[in-house]
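All of these numbers come straight from a predicted model, not from anything done at the bench. Chain naming here is simple, since letters A, B, ... match the order of the sequence lines and numbering starts at 1 in each.
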Number of protein chains: 4
Amino acid sequence: MGVAAMTAATSTRTTPGTGRDRRPRRVLPAEVRTDHLMSAAAELFIEKGLDATTVDDIVAKAGVAKGTFYHYFATKADVLLALRARFSQDFTSRAAVAIEAVPQGDHRARFVAWLRAAVATYVANFRLHDVVFHDFTHDRRRSQEKDMVIDQLSQLLSAGQQAGAWDLPDARAAALILFDGMHGVVDDAIAAGRLDPEPLCSTLEQMLGRMLVR
Amino acid sequence: MGVAAMTAATSTRTTPGTGRDRRPRRVLPAEVRTDHLMSAAAELFIEKGLDATTVDDIVAKAGVAKGTFYHYFATKADVLLALRARFSQDFTSRAAVAIEAVPQGDHRARFVAWLRAAVATYVANFRLHDVVFHDFTHDRRRSQEKDMVIDQLSQLLSAGQQAGAWDLPDARAAALILFDGMHGVVDDAIAAGRLDPEPLCSTLEQMLGRMLVR
Amino acid sequence: MGVAAMTAATSTRTTPGTGRDRRPRRVLPAEVRTDHLMSAAAELFIEKGLDATTVDDIVAKAGVAKGTFYHYFATKADVLLALRARFSQDFTSRAAVAIEAVPQGDHRARFVAWLRAAVATYVANFRLHDVVFHDFTHDRRRSQEKDMVIDQLSQLLSAGQQAGAWDLPDARAAALILFDGMHGVVDDAIAAGRLDPEPLCSTLEQMLGRMLVR
Amino acid sequence: MGVAAMTAATSTRTTPGTGRDRRPRRVLPAEVRTDHLMSAAAELFIEKGLDATTVDDIVAKAGVAKGTFYHYFATKADVLLALRARFSQDFTSRAAVAIEAVPQGDHRARFVAWLRAAVATYVANFRLHDVVFHDFTHDRRRSQEKDMVIDQLSQLLSAGQQAGAWDLPDARAAALILFDGMHGVVDDAIAAGRLDPEPLCSTLEQMLGRMLVR
DNA sequence: AATGAATGAGCGTTCATTCAT
DNA sequence: CATGAATGAACGCTCATTCAT
């Protein structure tokens with residue numbers, strides 16, 4: 001490092017405390033702490049990215065000491081895993097609620113309900129989605145999380161199939177096309193700034209609906 | 001170089017070439033060197049991942065000094081960018097060749113040609129694909145690279161549309177569904193170890209073909 | 001930490017404390033650690049120069065891990081800043097003590113006290129001085145540090161002025177001439193190996209004293 | 001390096017030429033080349049500092065290839081040395097011219113001429129001065145360059161001494177005080193943005209003149 | 001449980017200098 | 001003379017994780 005360069009920049013780092021003004025030690029229920037930490041991490045992951053977010057950042061935002069983080073999560077990667085599980089759980093739940101609101105027999109309407117819930121949930125949470133599913137590679141691509149969603153949709157499609165609502169050669173393949181096709185169209189819209197789910201839903205309904213024919 | 005070091009009697013910097021076991025200096029055309037470096041990087045990225053691959057690994061594999069790497073790429077990220085461009089170029093070229101091999105007027109067949117080329121190329125190169133497209137986020141999701149591919153397919157679809165081969169409300173949306181649907185199905189197959197493109201192609205042809213109706 | 005590394009089965013990052021020959025972890029008061037690090041840095045800066053001293057050198061000498069250095073200083077340049085502040089503080093304090101030892105009314109004697117303290121302190125610490133003030137440029141030449149010293153001397157001169165001990169058109173300019181003139185003569189003596197402050201003091205007393213006339 | 005961080009930045013580095021558009025080889029007189037290189041270096045040193053200026057920067061500015069630099073200077077430090085010599089030469093010459101313009105016998109006026117020339121030259125070139133004299137340490141403080149200037153002034157003072165114009169116990173010490181005192185006052189003015197030499201000269205004339213008494 | 005000082009392997013990048021052409 | 005590709009030692013800084021208190 002050159003001399004000139006050295007003193008040009010002035011540091012902003014504060015000298016570590018001399019031990020006086022310590023944070024008061026607060027004991028909190030484990031669930032609350034876990035939740036605080038996960039939320040802090042989620043916000044930071046979204047804001048600055050996974051790698052750019054340090055454990056220091058997380059604990060600073062959560063207002064706890066570094067060691068506390070490691071009481072609740074074995075590694076930094078574990079928070080991500082927890083967030084991912086939570087995300088999928090939420091996604092599937094919302095879709096389930098939407099589907100249940102439709103009469104059992106109307107398979108087409110149930111598919112539309114799924115589609116609309118999926119689009120709405122995805123548009124609303126794509127930033128977190130990006131973060132928690134960022135590091136999927138083929139090794140782990142068929143993850144438990146994606147499988148949860150695909151299975152849900154597959155079952156819906158299979159039910160319609162058995163009821164004669166449509167005729168699909170491969171329910172899983174169909175589910176994958178519907179799910180990933182939806183993703184693709186919504187991603188494109190997001191990238192273009194079109195965040196209103198409505199037009200996306202009608203386009204998708206029309207296009208994807210064609211696949212569900214007898 | 002530090003100021004103090006500069007005017008001190010003896011520089012602290014070791015003169016390159018003082019050691020015994022020096023690498024023989026080989027001057028190579030820029031293109032060749034670039035290519036060597038990119039290939040070495042690609043193999044390593046696939047083998048151990050992006051982050052786990054160090055620049056040292058790359059230059060060791062390419063058989064050059066570290067500085068040589070930085071002679072051709074400003075940062076490690078740049079190699080990735082270059083690989084990405086090369087990948088997309090290759091993908092599009094192969095698809096184009098396949099399409100051109102089909103008579104102009106047969107739009108359905110041209111689509112199938114695209115599909116088969118896409119599946120084949122993807123299955124053959126998914127590992128590199130995973131690496132070079134790993135860090136796409138919504139900020140840059142609508143990338144130049146994906147757009148190249150989507151545009152190619154959109155044009156194919158639009159041509160068929162104008163010729164009355166099918167009737168699509170939105171060619172770009174259709175292209176996205178076809179492309180991402182294809183990806184989803186192939187990814188699932190890859191994850192399951194079904195690497196033979198043939199069955200994938202027929203399923204996809206059947207399912208996706210349904211969207212292309214009058 | 002890289003994304004790929006994170007969710008891979010085994011992290012590539014070596015867990016600290018895996019090795020055999022680990023340094024025993026010693027927790028020390030922040031002030032003590034800071035002081036150790038600063039002293040180690042000062043000695044090395046003097047010995048081998050600023051640039052030639054690496055952070056590795058400093059931590060080796062201080063007997064701590066590298067990370068510990070960065071726990072207390074944001075950058076290498078920060079230690080220099082801290083040393084500079086400490087140096088000026090010390091210089092001013094010594095001069096103040098010497099001045100206070102002289103009766104309030106004897107302004108001439110107070111100036112001589114300042115001069116002798118300044119020469120003595122400078123001769124005793126010029127090596128550290130050289131290091132910490134090495135990279136002053138006009139941009140920051142009028143630094144807080146030099147200003148502390150100049151202000152102290154200016155005030156002494158102004159007090160004498162008001163008491164009618166001498167007549168100066170510009171106290172600050174006078175302070176600068178006295179201070180920098182002192183520096184120049186002492187530097188020349190140091191360069192020539194004449195490190196005894198006594199002859200320097202008498203020459204300076206005589207020469208500089210001429211400026212302090214009614 | 002993290003994945004997210006990697007592609008966030010886009011490189012600006014141009015791929016090295018493929019060998020076509022090479023610079024035309026121009027053979028120039030050695031002196032001209034030397035001069036071009038020194039001037040380019042000087043501007044860059046002033047602009048971005050010594051360390052921050054790379055040999056690449058210099059050759060880019062001078063419009064020559066890197067190897068050419070090493071034809072004319074053995075090391076980067078050598079350019080600085082050359083600039084320093086040139087600077088001192090210039091300083092002494094200007095002072096000499098100013099002194100010679102004054103009648104031999106008028107020693108007081110000769111000193112004033114020196115002072116005014118020195119202030120004017122220094123104010124006009126302090127940026128280059130800062131750069132070329134930046135890395136003076138006590139080891140080399142009594143440099144050939146400073147000695148040239150001090151000797152010149154010492155001789156002027158000794159001549160006045162012998163002629164009975166003033167009475168100084170130590171001509172060299174006096175020269176040092178005058179020179180460094182001048183520096184200190186001018187530096188302070190520069191730092192404060194007072195770049196007009198006139199007021200500086202009168203203050204200095206008055207203050208420093210007091211030392212030159214019988 | 002909670003704290004935060006301490007650890008240290010690791011990596012990307014720089015750049016003066018060399019030398020084949 | 002001139003060129004610019006090639007070299008490689010060096011270094012500052014990061015940050016997940018540990019553990020004494």
Legend entry - Residue pair C:Val131 / C:Leu80, side-chain heavy-atom distance below 4.5 Å: yes

Inset, instruction - Could you check which of F:dA6, E:dG4, F:dA16 has an atom nearest any side-chain atom of B:Val27? - result: F:dA6

Legend entry - Value in whole Å for how far the C1' atom of E:dA2 lies from NE2 of A:His36: 16 Å

Legend entry - Whole-Å gap separating C1' (F:dA10) and CG (D:Asp51): 15 Å

Inset, instruction - Taking only the side-chain heavy atoms of A:Tyr70 (C-beta and beyond), determine which of E:dT13, F:dA16, E:dG4 contains the nearest atom. - result: F:dA16

Legend entry - 4.5 Å side-chain heavy-atom contact, A:Phe73 and A:Leu81: no

Legend entry - Value in whole Å for how far the P atom of F:dT17 lies from NE2 of A:His71: 15 Å

Inset, instruction - Could you tell me whether C:Asp35 and C:Arg86 make a salt bridge, using a distance below 4.0 angstrom between a side-chain N and a carboxylate O? - result: yes

Inset, instruction - Using a cut-off of strictly less than 4.0 Å, decide whether C:Tyr72 has a side-chain nitrogen or oxygen near OP1 or OP2 of E:dA6. - result: yes

Legend entry - The single option from C:Arg26, C:His71, C:Met38 passing side chain to side chain contact (heavy atoms under 4.5 Å, CB included) against C:Arg33: C:Arg26

Legend entry - Spacing of CG belonging to B:Leu37 relative to OG1 belonging to B:Thr34, to within rounding of 0.5 Å: 7.0 Å

Inset, instruction - Report yes if some heavy atom in the side chain of B:His36 is under 4.5 Å from a heavy atom in the side chain of B:Val32; otherwise report no. - result: yes

Inset, instruction - Answer yes or no: does a side-chain N or O of B:Arg33 lie under 4.0 Å from OP1 or OP2 of F:dA6? - result: yes

Inset, instruction - Among the candidates E:dT13, E:dA1, F:dT17, find the nucleotide nearest to the side-chain atoms of A:Val55. - result: F:dT17

Inset, instruction - Ignoring the backbone of B:Thr54, work out which of F:dA6, F:dC19, E:dG12 is nearest its side chain. - result: E:dG12

Inset, instruction - Can you tell me the pairing partner of E:dT21 across any strand shown, Watson-Crick or G-U wobble, with both distances under 3.5 angstrom? - result: F:dA2

Inset, instruction - Measure from CG on B:Leu28 to P on E:dT21 and round the result to the nearest Å. - result: 11 Å

Legend entry - Separation of E:dG12 P from B:Asp78 CG (nearest whole Å): 14 Å

Legend entry - Rounded interatomic separation in angstrom, taking CG from D:Leu37 and P from F:dT3: 10 Å

Inset, instruction - Could you check which nucleotide pairs with E:dG8 in any of the strands shown, counting Watson-Crick or G-U wobble with both distances under 3.5 Å? - result: F:dC15

Legend entry - Between P of E:dT13 and CZ of B:Phe73, the distance in whole Å: 13 Å

Legend entry - Contact check, side chains of B:Thr68 and B:Tyr72, non-hydrogen atoms, under 4.5 Å: yes

Inset, instruction - Name every residue in residues 56-68 of chain C that has at least one heavy atom under 4.0 Å from any atom of DNA chain E, in order of residue number, or write none if there are no such residues. - result: C:Val64, C:Ala65, C:Lys66, C:Gly67, C:Thr68

Inset, instruction - Measure from CG on A:Leu80 to C1' on F:dA16 and round the result to the nearest Å. - result: 15 Å

